[in-house]
Asker: 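Dumping the structure here so I can ask a few things about it.
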Protein chains: 2
Amino acid sequence: MKTGPDIALLGSLIGDPARANILTALMDRRALTACELAQEAGVTPQTASSHLAKLIAGGLLSPEKQGRHRYFRISDEEVASALEALMGLAAYAGHRRVRTGPRDPAMREARVCYDHLAGDRGVQMFDHLTRRGMISYEEAELSLTQKGQRFAEDFGIDLDAIRTTRRPLCKACLDWSVRRNHLAGALGAALLDRFYVLRWARREKDSRVVAFSRRGAEQFDALFATATRR
Amino acid sequence: MKTGPDIALLGSLIGDPARANILTALMDRRALTACELAQEAGVTPQTASSHLAKLIAGGLLSPEKQGRHRYFRISDEEVASALEALMGLAAYAGHRRVRTGPRDPAMREARVCYDHLAGDRGVQMFDHLTRRGMISYEEAELSLTQKGQRFAEDFGIDLDAIRTTRRPLCKACLDWSVRRNHLAGALGAALLDRFYVLRWARREKDSRVVAFSRRGAEQFDALFATATRR
DNA sequence: CCCATGCTTCGATCGCCATCGAAGCGTTCG
DNA sequence: CGAACGCTTCGATGGCGATCGAAGCATGGG
């Protein structure tokens, strides 16, 4: 008999197409209702309900009651990160759901991963921050340096406010399209937020794509100029 | 329709208990025969054969013919790394296959992950190497510094020989038991090899456990003394 | 050569689980 | 309060896939 974590349970949860669709739909950090998810997955509400129950029992999703709706979201950054890693392997092994569509390049350029920026631009930002010594990698954990703190404050991020949460400030998340790290954690989320506020970018409706305006892209490139984009 | 990598396929592959057992059994980098794997998984050779065919089709395993035997191994470090990440989530979410057994603490202390050292000791080593500036984390990739190169050579590792392979020298791998990084890549493999040669440790039969001798543990602790063990 | 070994293919069986219709339960709104 | 909505539970159905016995194919040894 084997010992160790049970990957079969998680695998079978992720293995059903309807459930995989649900999880994928929730990878942006939205919380969706059961009916919306049913539509995303292409099944009836009854079926979706049973899937959702299983995903909750498995710890992958968390329900949230609000009025007569029930919203579902991915439980945890840990879960999102593991799913992103699986997507990485899937992309690497060459399993794609559909032939590369028109949306695909946009996804590769910039998309939402849970609540932070992923794709080429996410990696570009991460590269710049580490290369310029704003984020340091010590004891296998990321931390924000003095220089990085000044940068963040200057960029309009209220670090004190962020630090009140229990959530880690900086975390690395493996990008499935670029297969390198991008920045997750509270700071990653705050930065993306800031891009929205500054109108550099906006979320594309019903997708994970983050669309940068021309001006926004220029400003972004100027700010994170160290690393060259692919 | 969704776009992006297909996690459902991988999920369903990993989701079957027999296949999960097979994958887990191969997580040390051994190559096993179909019959051995059948026994590991607790199914007949016929059944195992069909599972193995699917795992190969999915890109997770690679077959290797040798005489009248056919050996199977995990295709790739990428695959092993993704599986380790899934185990991390499973452990985090609290799904364990069996009640914590006597072997479990030993697994947590030191075990083989593909072909490098994982567990408390693996993380301890990684921490020391990064903290002492032997491995640097730049542009989202690990690299061996001058100081690190001297260290490795002094420890009896032939870096030139290693570099002939196309395999990356240093890679980070997320440890499922400690949930922090340990060192993978060619250097990680070479270091573990060195521990065997120096008789600091040996593989426990039929398990992923790496058993350190008392003397070996002392030397190891002396060498990687920066980080305190848990 | 013939037989043993190792593995795969074939065919049949069985069980589990995804699916959906119908009904039940709670919430909201007019 | 009744009707509409949102979601879940129940029950029945169907299909896919895991499983194994038996046979087929290689390879190697005597």
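The chains referred to below are lettered A, B, ... by the order of the sequence lines, with proteins before strands, and numbering in each begins at 1.
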Asker: When you match Y71(A) and D16(B) each to their closest nucleotide on DNA chain D, which lands nearer the 5' end?
Answerer: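 Closest to the 5' end, via its nearest nucleotide, is Y71(A).
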
Asker: Return the orientation label for the H69(A) and Y71(A) ring planes: parallel under 30°, perpendicular over 60°, tilted otherwise.
Answerer: tilted

Asker: Whole angstrom is fine here: how far is it from CD in Q46(B) over to C1' in dC7(C)?
Answerer: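 To the nearest whole Å, that distance equals 10 Å.
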
Asker: Is a side-chain donor or acceptor of R19(A) paired with a backbone partner of L13(A) at a separation under 3.5 angstrom?
Answerer: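 Side chain of R19(A) to backbone of L13(A): a pair is present.
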
Asker: I want to check one thing: is the phosphate of dC20(D), taken as OP1 and OP2, less than 4.0 Å away from some side-chain N or O of T47(B)?
Answerer: yes

Asker: Just N and O in the side chain of T44(B): are any of them under 4.0 Å from OP1 or OP2 of dT19(D)?
Answerer: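 Checking T44(B) against dT19(D): no side-chain N or O falls below 4.0 Å of OP1 or OP2.
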
Asker: At under 4.0 Å, does any side-chain N or O of S49(A) touch on OP1 or OP2 of dT8(D)?
Answerer: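 The answer is yes; a side-chain N or O of S49(A) sits under 4.0 Å from OP1 or OP2.
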
Asker: So, does H51(B) get its side chain near the phosphate of dT19(D), meaning an N or O under 4.0 Å from OP1 or OP2?
Answerer: yes

Asker: Under 4.0 Å between a side-chain N/O of R70(B) and OP1 or OP2 of dT27(D), yes or no?
Answerer: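 No, R70(B) has no side-chain N/O under 4.0 Å of OP1/OP2 on dT27(D).
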
Asker: For the pair made of CZ in R19(B) and P in dT19(D), what is the distance, rounded to whole Å?
Answerer: 8 Å

Asker: Just the rounded figure in Å: distance from C1' of dT19(C) to CD of Q39(A).
Answerer: 18 Å

Asker: What is the separation between atom CG on L55(B) and atom P on dT8(C), rounded to the nearest whole Å?
Answerer: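 These atoms are roughly 12 Å apart.
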
Asker: Roughly, in whole Å, what's the span from CD1 in I56(B) to P in dT9(C)?
Answerer: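 These atoms are roughly 10 Å apart.
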
Asker: Grab the CD-P distance between E64(A) and dT27(C) for me, whole Å please.
Answerer: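 In whole Å, dT27(C) P and E64(A) CD are 17 Å from each other.
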
Asker: Between E36(A) (CD) and dG6(D) (P), how many Å, whole number?
Answerer: 10 Å

Asker: Check the angle between the aromatic planes of F195(A) and F212(A) and answer parallel, tilted or perpendicular using the 30° and 60° thresholds.
Answerer: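 Tilted: the ring planes of F195(A) and F212(A) meet at 30° to 60°.
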
Asker: If I take atom NE2 in residue H69(B) and atom P in nucleotide dG28(D), what distance separates them, rounded to the nearest angstrom?
Answerer: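 Value for this atom pair: 10 Å.
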
Asker: Would you say CZ of R199(B) has more than 12 non-hydrogen atoms from neighbouring residues, nucleotides or ligands within 6.0 angstrom?
Answerer: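 No, the 6.0 Å shell around CZ holds no more than 12 heavy atoms from other groups.
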
Asker: Assign each of K65(A) and K54(A) to its nearest nucleotide of DNA chain C by heavy atoms, then name whichever residue's nucleotide is nearer the 5' end.
Answerer: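 Closer to the 5' end of DNA chain C: K54(A).
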
Asker: If you count heavy atoms of other groups shown closer than 6.0 angstrom to CZ of R163(A), is the number above 12?
Answerer: yes

